[in-house]
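Below is one structure; the comments refer to it alone.
In this chain, numbering begins with 1 at the start of the sequence shown.
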Amino acid sequence: MEKKAKFSSRLGFVLAAAGSAVGLGNIWRFPYLAAKYGGGIFLLVYLLLAVTFGFALMITEIAIGRKTGKSAIEAYKIINKKFSFLGYLASLVPIIIFPYYCVIGGWVVKFLGVYLSGQGHIATGADYFSGFIGSTAEPLLCLAIFLIITSLVVIMGVQKGIEKVSKILMPLLILMSLGTALYSLTIDGAIDGLIYYIKPNFSEFSIKTVVAAMGQLFYSMSLAMGIMVTYGSYMRKNDDLESSVRNIEIFDTGIAFLSGLMIVPAVFAFSGGNKDALQAGPTLMFITLPNVFDSMKGGHIFGLAFFLLVLFAALTSAISLMETIVSFVDDKFGFSRVKTCIGVMIVAFIIAVPSSLGFGILSGITIFGYSILDFFDFISNNILMPIVALITAVLIGFAAKPDYVSKEVKASGKFKSEKLYKIMIKYVVPVCMVVILISSLVGYV
């Protein structure tokens, strides 16, 4: 078994972990939810939850990883043998997500290629996106390209691959997000969208606002899928843990905010203030936004910058998903990194094929009414992740006790939020996870 790798610096760890958290969910789901659930009031609730609920879960997972020095599949067993199953459950999440995430990453590759070739206008056709994903060869080729790029970074290792790429992509992602957001505000009519997005309107507050913000935060921060445990195992023992988690939160929340700033005002202006135009998922990303870009001055450049930005965000998250799988395979079987990466890449492609073809020749196959890709998304995001987070809170809050995490945090610095943390992990997080799980099952949000 190869020696456990470490990030070379605290900055490298923070940027890599933030890169994992910043993904497609920030860019297409956050703006939609903000528009749907009250704009500014959603932002306020999201921010409050980020520094409490999100903080408690993230610092727990990173502390577990650093203390045990293992991936999720082994870490939970070390804490308490009765909770060994939790490691396997957490490790199952990236195995399910990574293949279909690469399918969507392939769609981003396709649209970036369209804008790079100067043909952004053709993407505005009513059937262009559906025609593309409904075909066979081209989506699989784009999937393969995205998967190969991801695999090459992971093969290079923690320091030379993940850390180095994160140090390049994350600053670029921030600068591009800021520039694109500022440019979107120059569109005629965008200011009305900006006001709706940032001004809290307490009359629009409801329990649905809280549940939606809580769910988005949970999915956005790469929690309950073994990623933060894995990255925590690569963290140096002398790096301040609490401060690092706060920095990750700032990056993740900042990019989510900028994504909304890019999209909400522009779509508001394009649709005449119709919030329904901000539909979630592929519809927003690959149908609505190309039409918005086409209606703008300099829209082609805007579209090119946007899809390049989305590709960077998708890659940083895909890299963390693949690294988590590679890490627990390494912990379990001791294979070399190169062999493991190649094996994971091949298996991921095979598993991803049905998800890709589920919009084409396999579109007649549905599972409980879901397409193949949407079914995998539902099982991982709406069922497994809340369950993993709930059991993790029970493990740390009541079996191992919160001091298990507190001692690890204080080993490298002060734990200023220790009292808040203990309340959150024992009482608030379990309740929140039950609410998220129930709301997912009944379709509340």
Side-chain angles (χ1 to χ4, degrees), residues 17 21 48-93 210-211 213-215 217-233 235 241-246 248-249 381-441:
L48 290 173
L49 287 170
V51 298
T52 53
F53 164 71
F55 169 80
L57 273 174
M58 181 173 282
I59 203 166
T60 295
E61 294 195 5
I62 293 174
I64 287 171
R66 193 175 75 170
K67 186 173 181 68
T68 61
K70 297 290 184 180
S71 64
I73 209 163
E74 296 292 328
Y76 291 107
K77 185 191 299 182
I78 292 172
I79 299 171
N80 189 316
K81 288 185 177 180
K82 293 179 180 178
F83 286 79
S84 296
F85 71 94
L86 183 57
Y88 291 92
L89 203 59
S91 300
L92 181 61
V93 177
V210 178
V211 175
M214 192 161 54
L217 182 75
F218 176 62
Y219 306 135
S220 170
M221 294 178 71
S222 292
L223 301 170
M225 54 180 82
I227 291 175
M228 290 303 164
V229 175
T230 299
Y231 275 18
S233 73
M235 188 182 186
L241 209 159
E242 182 177 16
S243 177
S244 297
V245 171
R246 291 296 186 196
I248 295 165
E249 286 186 312
N381 284 274
N382 296 57
I383 306 297
L384 288 178
M385 287 166 61
I387 290 173
V388 169
L390 174 61
I391 300 174
T392 299
V394 172
L395 167 62
I396 298 301
F398 298 96
K401 305 297 181 184
D403 280 342
Y404 183 90
V405 168
S406 294
K407 288 178 182 178
E408 182 62 25
V409 176
K410 289 189 282 189
S412 58
K414 293 181 179 179
F415 194 2
K416 298 175 184 177
S417 305
E418 184 176 7
K419 288 182 180 178
L420 173 66
Y421 168 75
K422 289 182 177 181
I423 293 170
M424 294 299 299
I425 201 66
K426 284 189 75 172
Y427 306 112
V428 180
V429 170
V431 172
C432 288
M433 298 326 304
V434 171
V435 170
I436 290 175
L437 185 59
I438 293 172
S439 66
S440 296
L441 290 173

| query | K401 side chain to F398 main-chain N or O, any donor-acceptor pair under 3.5 Å? | reply | yes

| field | side-chain contact (heavy atoms from CB on, under 4.5 Å) partners for L384, two or more places apart | value | L89, L92, V93, I96, I379

| message | With heavy-atom distances below 4.5 Å as the criterion, would you say the side chains of V405 and I425 are in contact? | response | no

| request: May I ask you to test the V388-L86 pair for a side-chain heavy-atom distance under 4.5 Å? | output: yes

| message | Show the nearest heavy-atom pair for residues M235 and I62, with the distance to one decimal. | response | SD-CG2, 3.9 Å

| task | Search all heavy atoms of A17 against all heavy atoms of M228 and return the closest pair with its distance. | result | O-CE, 3.5 Å

| field | L437 side chain near M433 side chain, heavy-atom distance below 4.5 Å | value | no

| query | What is the minimum heavy-atom distance between M424 and P430, and which atoms define it? | reply | O-CD, 4.0 Å

| Taking every non-hydrogen atom, the tightest pair across E408 and A63 | CG-O, 3.7 Å

| Student check: side-chain heavy atoms of I383 and L441 closer than 4.5 Å | yes

| task | Write down the atom of E249, the atom of G54, and the distance for their closest heavy-atom approach. | result | OE2-C, 3.8 Å

| message | Regarding E242 and K416, does a basic nitrogen lie under 4.0 Å from an acidic carboxylate oxygen? | response | no

| note | One should read off an interatomic distance between Y421 OH and I396 CD1, to the nearest 0.5 angstrom, of 6.0 Å

| query | Does the side chain of E418 reach to within under 4.5 Å of the side chain of D403, using non-hydrogen atoms? | reply | yes

| request: Measure the spacing between CG of L395 and CZ of F83 and express it to the nearest 0.5 Å. | output: 5.0 Å

| request: Decide if atom CZ of F85 counts as having more than 12 heavy atoms of other residues, nucleotides or ligands within a radius under 6.0 Å. | output: yes

| Rounded to the nearest 0.5 Å, how far apart are CE of M58 and CG of L223? | 5.0 Å

| message | Quick one, Y76 with T68, criterion side chain to side chain donor-acceptor pair (under 3.5 Å). Give me CA distance, side-chain angles, the key distance, then yes/no. | response | CA-CA 9 Å; Y76 291 107; T68 61; over 6 Å; no

| said: Taking A224's backbone N and O only, do any of them form a donor-acceptor pair with E61's side chain (distance below 3.5 Å, no angle check)? | reply: yes

| Separation between CZ of F55 and CZ of R246, rounded to the nearest 0.5 Å | 4.0 Å

| request: Would you name the heavy atoms of I436 and P386 that are closest together and state the gap between them? | output: CG2-CG, 4.0 Å

| request: With rounding to the nearest 0.5 Å, note down the distance linking CZ in R66 to OG in S412. | output: 3.5 Å

| task | To the nearest 0.5 Å, tell me how far L57 CG sits from T52 OG1. | result | 10.0 Å

